[in-house]
There are 2 protein chains.
Amino acid sequence: MFEAARAYADPSDDAFGGADEGVVVSIGRRDGPAVERLRAHGLRPTRQRLDLVGVLFSQGDRHVSAEQVYSEALAAGAKVSLATVYNTLKQFTEAGLLVELAAAGAKSFFDTRVDSHHHFYVEDEGVMMDVSADDVGIDRLPTPPEGMEIVGCEVTIRLRRKR
Amino acid sequence: MFEAARAYADPSDDAFGGADEGVVVSIGRRDGPAVERLRAHGLRPTRQRLDLVGVLFSQGDRHVSAEQVYSEALAAGAKVSLATVYNTLKQFTEAGLLVELAAAGAKSFFDTRVDSHHHFYVEDEGVMMDVSADDVGIDRLPTPPEGMEIVGCEVTIRLRRKR
DNA sequence: GTGTCTGCAAATGATTTGCATTTCC
DNA sequence: GGAAATGCAAATCATTTGCAGACAC
């Protein structure tokens with residue numbers, strides 16, 4: 001009933017859940033789509049960037065924090081430092097490979113989906129789930145202020161567990 | 001043309017702009033609506049909470065960070081520590097006096113408007129502006145997952161300066 | 001080779017916490 | 001008086017940065 005909604009790991013906890021069994025992450029490959037993806041965005045295909053591309057984009061759409069990416073990368077056998085993960089996530093975001101999520105709290109999250117879509121946000125759990133753009137209908141938006149243009153538009157639907 | 005949009009201080013900079021001239025903040029009052037507002041939410045009306053209520057709710061709707069509230073409170077003559085500001089903002093949020101904004105980046109912001117409304121977000125500047133709920137039309141929302149109920153729904157319209 | 005990356009560890013920024021002191025009811 | 005709130009400084013996270021060595025082209 002909710003194919004459009006996918007949970008992601010609880011941001012308040014330590015990142016974990018790295019390297020699901022059965023998911024083959026293309027760590028170590030010196031060619032292929034990951035290389036082209038990086039080149040297409042003006043980034044040199046270094047080993048750690050390729051590893052992080054593998055972690056980020058081999059499992060469908062994801063909402064991740066730097067810590068999560070770091071431990072998944074380590075779990076997948078990548079050699080990378082936490083600082084590089086932070087720097088790389090920022091570079092990927094600037095390059096358009098990722099989008100930074102607007103989230104409550106003092107931690108940054110990144111979305112591997114860069115097309116326009118929306119989110120359920122479970123307030124008490126800090127959990128976010130994707131909502132396909134097709135499931136939300138917006139029929140009216142305000143005109144932007146002078147000199148500005150609309151780049152995108154996201155809906156956050158806040159949820160609470162029924163009680 | 002954009003009465004519905006109100007700017008707030010740049011989150012990336014030091015908080016400032018405290019205690020606008022001409023704005024009377026009811027610091028020091030031991031009674032009145034601030035006391036009742038706190039009591040109504042189960043919070044003891046202490047001196048610093050009253051001062052913070054004054055800072056937060058005397059100037060219309062605002063988007064503030066802890067640092068901003070802190071320096072405005074000091075500028076308004078309140079005696080309060082930064083730690084207490086952090087703790088108080090969290091308590092106010094739990095009590096429903098404030099709403100934590102979903103923002104990109106590693107800093108928390110709070111909105112003194114607790115009713116449902118929306119935001120413009122200027123991507124390169126980290127600036128947010130209110131958009132009245134009337135200016136956005138949502139005609140379709142997905143059914144929430146089993147056991148969940150919708151608490152609210154906010155639209156973030158991302159803007160960019162035309163170039 | 002040369003300019004770009006990376007790693008490490010230290011610096012910075014944001015937020016929380018422990019505990020003695022003060023304030024509210 | 002007793003519970004709850006506050007202040008301060010130290011502790012804890014999250015993130016960034018400086019710089020020497022490693023890697024891509």
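Chain letters run A, B, ... following the sequence lines, proteins first, then strands; residues in each count from 1.
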Looking at D/dA5, I'd like to know if its phosphate oxygens (OP1 or OP2) sit under 4.0 Å from a side-chain N or O belonging to B/T88. no

Could you go step by step and tell me if A/R49 and A/T84 meet the side-chain contact (heavy atoms from CB on, under 4.5 Å) rule? CA-CA 9 Å; A/R49 283 177 184 166; A/T84 297; over 6 Å; no

Closest approach to the side chain of A/A83, judged atom by atom: which nucleotide of D/dT15, D/dA5, C/dC8 is it? C/dC8

Among the nucleotides C/dT15, C/dT16, D/dA14, whichever has the atom closest to the side chain of B/K90 is C/dT16

Rounded to whole Å, how long is the line connecting atom CZ of A/R44 with atom P of C/dC5? 5 Å

Classify A/A106 by what it touches in the nucleic acid, base, sugar-phosphate, or nothing, heavy-atom distance under 4.0 Å. sugar-phosphate

So, does B/Q48 get its side chain near the phosphate of D/dG7, meaning an N or O under 4.0 Å from OP1 or OP2? yes

Tell me: CG of A/D51 to C1' of C/dC5, nearest whole Å? 14 Å

From CG of A/L38 across to P of D/dA24 the rounded distance in Å is 13 Å

Whole angstrom is fine here: how far is it from CG in B/L82 over to C1' in C/dG13? 11 Å

With side-chain contact (heavy atoms from CB on, under 4.5 Å) as the criterion, how do B/T112 and B/F92 come out once you've worked through the C-alpha distance, each side chain's angles and the decisive distance to 0.1 Å? CA-CA 10 Å; B/T112 62; B/F92 281 12; over 6 Å; no

As a test of reading the structure: which of C/dA14, D/dT6, D/dA14 is closest to the side chain of B/K107, going by heavy atoms? C/dA14

State whether B/S108 places a side-chain N or O below 4.0 Å from either non-bridging phosphate oxygen (OP1 or OP2) of C/dT15. yes

Which nucleotide in the set C/dG7, C/dC25, D/dT6 lies at the smallest distance from any side-chain heavy atom of B/Q91? D/dT6

Could you check how far CZ of B/R49 sits from P of D/dA4, rounded to whole Å? 11 Å

Between CG of B/L74 and P of D/dG7 the distance, given in whole Å, is 10 Å

I want to check one thing: is the phosphate of D/dC25, taken as OP1 and OP2, less than 4.0 Å away from some side-chain N or O of A/R39? yes

Can you find a side-chain donor-acceptor pair between B/Q68 and B/R62 that sits under 3.5 Å? no

When you get a sec, tell me which of C/dT15, D/dA5, C/dT6 is the closest nucleotide to the side chain of B/T46? D/dA5

Check the distance between D/dT6's P and B/L43's CG and give it to me in whole angstrom. 9 Å

Without decimals, in angstroms, what is the distance between A/N87 CG and C/dC8 C1'? 12 Å

Please determine if a side-chain N or O atom of B/Y86 lies less than 4.0 Å away from the OP1 or OP2 oxygen of C/dT16. no

Quick one: does B/L97's side chain get under 4.5 Å of B/R37's, heavy atoms only? yes

Quick check on C/dT6: is either OP1 or OP2 less than 4.0 Å from any side-chain nitrogen or oxygen of A/S81? no

Quick one: do the A/D111 and A/H119 side chains pair a donor with an acceptor below 3.5 Å? yes

